[in-house]
Amino acid sequence: MEHDNSFAVRVWQIVAAIPEGYVTTYGEVAQLAGSPRAARQVGGVLKRLPEGSTLPWHRVVNRHGTISLTGPDLQRQRQALLAEGIQVSGKGLIDMQRYRWRY
DNA sequence: TGCTTGACCGAGG
DNA sequence: CCCTCGGCCAAGC
């Protein structure tokens, strides 16, 4: 059993705070979580969200402003972003100047 | 208690 | 712009 201040819990809290219509990066979430070099782990946390989670995991992309997932997963994230008004090119590129979440 | 696994990132070529 | 490499570190086994 893990105490409720694990890295995963901190990541959940931060991602939950990203407003609809905005995105941020794995590196930014890691920084806010207090582990600036754990961007890779942020992806790991989002990959293993509990079944039925409502966390807006799709609002997190890589530093290039592109979707890191591939294949069908990429399409699912793209649709989720489009559904809330974020423009995403066919290749998964997002205009970060316009949609980046500033804390 | 190790050892492996990456939805990452920055520097180089 | 593309690709590779090394470092990173929480979680899963």
Side-chain angles (χ1 to χ4, degrees):
Chain A
M1 203 32 176
E2 179 52 76
H3 193 271
D4 83 13
N5 198 28
S6 64
F7 179 74
V9 171
R10 295 199 301 278
V11 167
W12 295 342
Q13 296 172 329
I14 293 161
V15 173
I18 306 171
E20 183 175 338
Y22 289 87
V23 298
T24 190
T25 66
Y26 296 100
E28 176 72 12
V29 174
Q31 192 168 346
L32 293 173
S35 295
R37 292 159 297 182
R40 199 167 190 173
Q41 287 57 243
V42 172
V45 168
L46 299 184
K47 177 171 62 175
R48 311 183 263 279
L49 286 179
E51 195 65 31
S53 169
T54 59
L55 203 75
W57 57 269
H58 57 280
R59 295 178 190 152
V60 184
V61 298
N62 63 37
R63 74 183 188 288
H64 301 300
T66 61
I67 294 173
S68 289
L69 294 176
T70 60
D73 290 332
L74 185 159
Q75 294 311 319
R76 241 182 298 118
Q77 182 168 6
R78 181 168 182 273
Q79 291 308 314
L81 291 169
L82 290 172
E84 55 186 70
I86 297 174
Q87 295 175 12
V88 188
S89 79
K91 295 184 177 67
L93 176 63
I94 295 161
D95 180 351
M96 293 304 276
Q97 291 282 21
R98 180 172 176 185
Y99 298 110
R100 156 115 47 199
W101 169 49
R102 347 260 176 183
Y103 179 73

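Predicted model, so just to flag it, every value in this text is computed and none were measured. Reminder, nothing fancy here: chain letters follow the sequence lines and each chain counts from 1.
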Participant: Could you go over nucleotides 10-13 of chain B and give all protein N or O partners under 3.5 Å, atom names and distances?
Facilitator:
| from | atom 1 | to | atom 2 | distance (Å) |
| --- | --- | --- | --- | --- |
| B:dG10 | OP2 | A:R63 | NE | 3.2 |
| B:dG10 | N7 | A:R63 | NH2 | 3.0 |

Participant: Near DNA chain C, under 4.0 Å by heavy atom, which residues of residues 66-74 of chain A?
Facilitator: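 Going residue by residue through residues 66-74 of chain A, none turns out to have a heavy atom under 4.0 Å of DNA chain C.
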Participant: Between A:I67 and A:N62, what is the shortest heavy-atom contact and its length?
Facilitator: C-ND2, 4.3 Å
Participant: Considering only heavy atoms, which members of residues 83-103 of chain A lie under 4.0 Å from some atom of DNA chain B?
Facilitator: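 Those residues whose heavy atoms fall under 4.0 Å from DNA chain B, taken from residues 83-103 of chain A, amount to none.
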Participant: Tell me what A:A8 touches on the nucleic acid: a base, only sugar-phosphate, or nothing, going by heavy atoms under 4.0 Å.
Facilitator: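 Sugar-phosphate, no base atom in range.
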Participant: Quick one, which residues of residues 39-62 of chain A touch DNA chain C with a heavy atom under 4.0 Å?
Facilitator: A:R40, A:Q41, A:R48
Participant: Which residues satisfy the side chain to side chain contact (heavy atoms under 4.5 Å, CB included) test with A:E20, sequence neighbours excluded?
Facilitator: A:R59, A:E84
Participant: Mind checking what makes side chain to side chain contact (heavy atoms under 4.5 Å, CB included) contact with A:L32, not counting sequence neighbours?
Facilitator: A:I14, A:E28, A:W101
Participant: Taking only residues two or more places apart in sequence or in another chain, which ones pass side chain to side chain contact (heavy atoms under 4.5 Å, CB included) with A:P72?
Facilitator: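 A:P72: no side chain to side chain contact (heavy atoms under 4.5 Å, CB included) contacts found.
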Participant: List the residues meeting salt bridge (charged side-chain N to carboxylate O under 4.0 Å, His left out) with A:R37, not counting sequence neighbours, and say none if there are none.
Facilitator: none
Participant: Quick one: list whatever passes side chain to side chain contact (heavy atoms under 4.5 Å, CB included) with A:R63, sequence neighbours left out.
Facilitator: none
Participant: For the pair made of CZ in A:F7 and P in B:dC8, what is the distance, rounded to whole Å?
Facilitator: 13 Å
Participant: Going by side chain to side chain donor-acceptor pair (under 3.5 Å), name the pairs with one or both residues in residues 70-80 of chain A, residues two or more places apart or in two chains.
Facilitator: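 Qualifying pairs: A:D73-A:R76.
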Participant: Could you give all pairs that pass the salt bridge (charged side-chain N to carboxylate O under 4.0 Å, His left out) test and reach residues 38-57 of chain A, with sequence neighbours left out?
Facilitator: none
Participant: Is there any salt bridge (charged side-chain N to carboxylate O under 4.0 Å, His left out) pair reaching into residues 91-103 of chain A, and which pairs are they, with sequence neighbours excluded?
Facilitator: none
Participant: Calculate the interatomic distance between A:R10 atom CZ and C:dC9 atom C1'; express it in whole Å.
Facilitator: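 Result: 12 Å.
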